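Below is one structure. I have some questions about it.
Each chain gets a letter, A, B and so on, in the order its sequence line appears, and its residues count up from 1. What you see is a predicted model, and the numbers here were worked out from it, not measured in a lab.
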Number of protein chains: 2
Amino acid sequence: MTDLNNLISPFYLKDKEIRKIIEIIFFSYRDFTEGPDRVLEKLNFGRAHHRVIYFVGKKKNITIKNLLRVLKITKQSLSRVLNQLVKEGYITVSTGLDKRTKTLLLTDNGYNLEKKLSSIQTNKIKTTLGNFNEDAINSFKKILFEMIETDNKRIFQQLNE
Amino acid sequence: MTDLNNLISPFYLKDKEIRKIIEIIFFSYRDFTEGPDRVLEKLNFGRAHHRVIYFVGKKKNITIKNLLRVLKITKQSLSRVLNQLVKEGYITVSTGLDKRTKTLLLTDNGYNLEKKLSSIQTNKIKTTLGNFNEDAINSFKKILFEMIETDNKRIFQQLNE
DNA sequence: ATAATTAAGTCAATATGACTGACCTAAATA
DNA sequence: TATTTAGGTCAGTCATATTGACTTAATTAT
């Protein structure tokens, strides 16, 4: 049986149109990560390193635990990536007030790499958004934000407090 | 030195705001793929299998070569995933008119799995978009589409001819 | 003061998705 | 006939992630 919804929903909510959105999301995300990936490759780093650098840069003195909450990977996975970044001088580790915890901070090199990687993405976004008005941009942000699960919306907001 | 652009650009194009968009893209994409991933896990498939099933479903009788063009992976990478899908009865392979080529088609099982996986995503999109008006939705689609590189825009359009 | 919990780390094994490089066959095209 | 194209395969490697088991040190609860 065909979807009854399709009989009453407007054109832009029909299945074929929604599937196009799936594809647009797939292609745009792939292109969005491709730029940084190419830079990381030369350093023998991967996308996982970018994420760590990004969020350590975002939340100075973030703890391992909170970083894991954001990244939603296991500590074993983080361990390898983080140790490489520390060993190669992009991140420093200190002991937190709670002495069980460790806090992370970008070094100057780490800051520079973060800037280099993120600016590829911010430039792409700026260039794209430059062709749209404020209303369109707000709609874009709101819709994308609403596609995030509740728990992760909270994490996003905590990151931006 | 701080970015001179920031002195003249509007609030919503300032670096801090653009960085929020990077995060929203990261979180929303992760949540977008999470649903299908959980279903695939039970079948001992991964996201790569989903992509193959999706695009074979999209373009009936697609050739290996064209599938590789869309996926942008090596034939060795595709080989493993595709062979599993054929062996487990989700996809059938035939010889094309040009007898060097092979064409791919979903079986009934493949169609059902495709539907199951994609409907998780289409439902999520439908639910989210339901709260927005047509203008907002069009802005969302246009901006996301403009973030795709030219070559891949063409591939997207060929898929939807 | 002791017990329980928490934060972090480590060892080992495994899966998935991707890559490079080399090489092969068969069919189509120049 | 020679070259190109479509597809396949073998082998090795790498990156990202997982589960499970276990340890240490510090904090918190009883």
B/N44 has a side chain; which of D/dA26, C/dC19, C/dT16 sits nearest to it? C/dT16
Check this for me: does any side-chain nitrogen of one of A/E149 and B/K124 sit under 4.0 Å from a carboxylate oxygen of the other? yes
Any side-chain N or O of A/S79 less than 4.0 Å from the OP1 or OP2 oxygen of C/dG9? no
Exactly one of B/Y111, B/Y54, B/F45 should register a ring-ring contact (aromatic ring centres under 6.0 Å, His included) with B/Y90. Which one does? B/F45
Charged N to carboxylate O below 4.0 Å: is that the case for A/K59 and A/E161? no
Using the benzene-type ring in the case of Trp, are the ring centres of A/F156 and A/F145 under 6.0 Å apart? yes
Are A/T74 and D/dT18 close enough that a side-chain N or O sits under 4.0 Å from OP1 or OP2? yes
Provide, to the nearest angstrom, the distance between the CD atom belonging to A/E41 and the C1' atom belonging to D/dC14. 11 Å
Does C/dA7 have its OP1 or OP2 closer than 4.0 Å to a side-chain nitrogen or oxygen of A/T101? no
Rounded to whole angstrom units, what separation is found between the NZ atom of A/K42 and the P atom of D/dC14? 21 Å
Under the criterion salt bridge (charged side-chain N to carboxylate O under 4.0 Å, His left out), I'd like the reasoning laid out for A/R30 against A/E34: C-alpha separation, chi angles, the key distance, then a yes or no. CA-CA 6 Å; A/R30 197 175 60 181; A/E34 194 210 347; over 6 Å; no
Could you check whether any side-chain N or O of A/S118 sits under 3.5 Å from a backbone N or O of A/K115, counting only pairs where one atom can act as donor and the other as acceptor? no
Phosphate OP1/OP2 of D/dG7 contacted by B/K99 side-chain N/O (<4.0 Å): no
Separation of A/R38 atom CZ from C/dA18 atom C1', in whole Å? 17 Å
Side-chain N or O of B/H49 versus OP1/OP2 of C/dG17: is the shortest distance under 4.0 Å? yes
How close or far is atom P of D/dC14 from atom CG of A/L43, stated in whole angstroms? 17 Å
Does any non-hydrogen side-chain atom of B/D151 lie less than 4.5 Å from one of B/I155? no
What is the distance from NZ of A/K102 to P of D/dA25, rounded to the nearest Å? 12 Å
What's the separation between atom CD1 in A/I62 and atom CZ in A/R69, rounded to the nearest 0.5 Å? 9.5 Å
Between A/D98 and A/I73, just flag the one whose closest nucleotide in DNA chain D comes earlier from the 5' side. A/I73
C/dA18 phosphate, OP1 or OP2, under 4.0 Å from B/R51 side-chain N/O: yes
Proximity to the side chain of B/K75 - top-ranked nucleotide from C/dA8, D/dA26, D/dG8: D/dG8
Please tell me which of the listed nucleotides, D/dT4, C/dA18, D/dT18, lies nearest to the side chain of B/R100? D/dT4
Rounding to an integer number of Å, can you tell me how far A/D37 CG sits from D/dA15 P? 13 Å
Check whether any side-chain nitrogen or oxygen of A/K72 sits under 4.0 Å from OP1 or OP2 of D/dA17, and answer yes or no. no
Can you tell me the distance, in whole Å, between the CG atom of B/L40 and the C1' atom of D/dT18? 16 Å
Check DNA chain C against residues 52-65 of chain A and give the residues with a non-hydrogen atom under 4.0 Å, in numerical order. A/T63, A/I64, A/K65
Whole-Å distance, A/L82 CG to D/dA17 P, equals 13 Å
Of all the choices, D/dT27, D/dT16, C/dG17, which nucleotide is nearest to the side chain of A/V81 once you look at every atom? D/dT16
Check whether any side-chain N or O of B/R80 sits under 4.0 Å from OP1 or OP2 of C/dT16, and answer yes or no. no
Counting only distance, no hydrogens or angles, is the base of D/dG20 paired donor-acceptor with the side chain of A/Q76 under 3.5 Å? yes
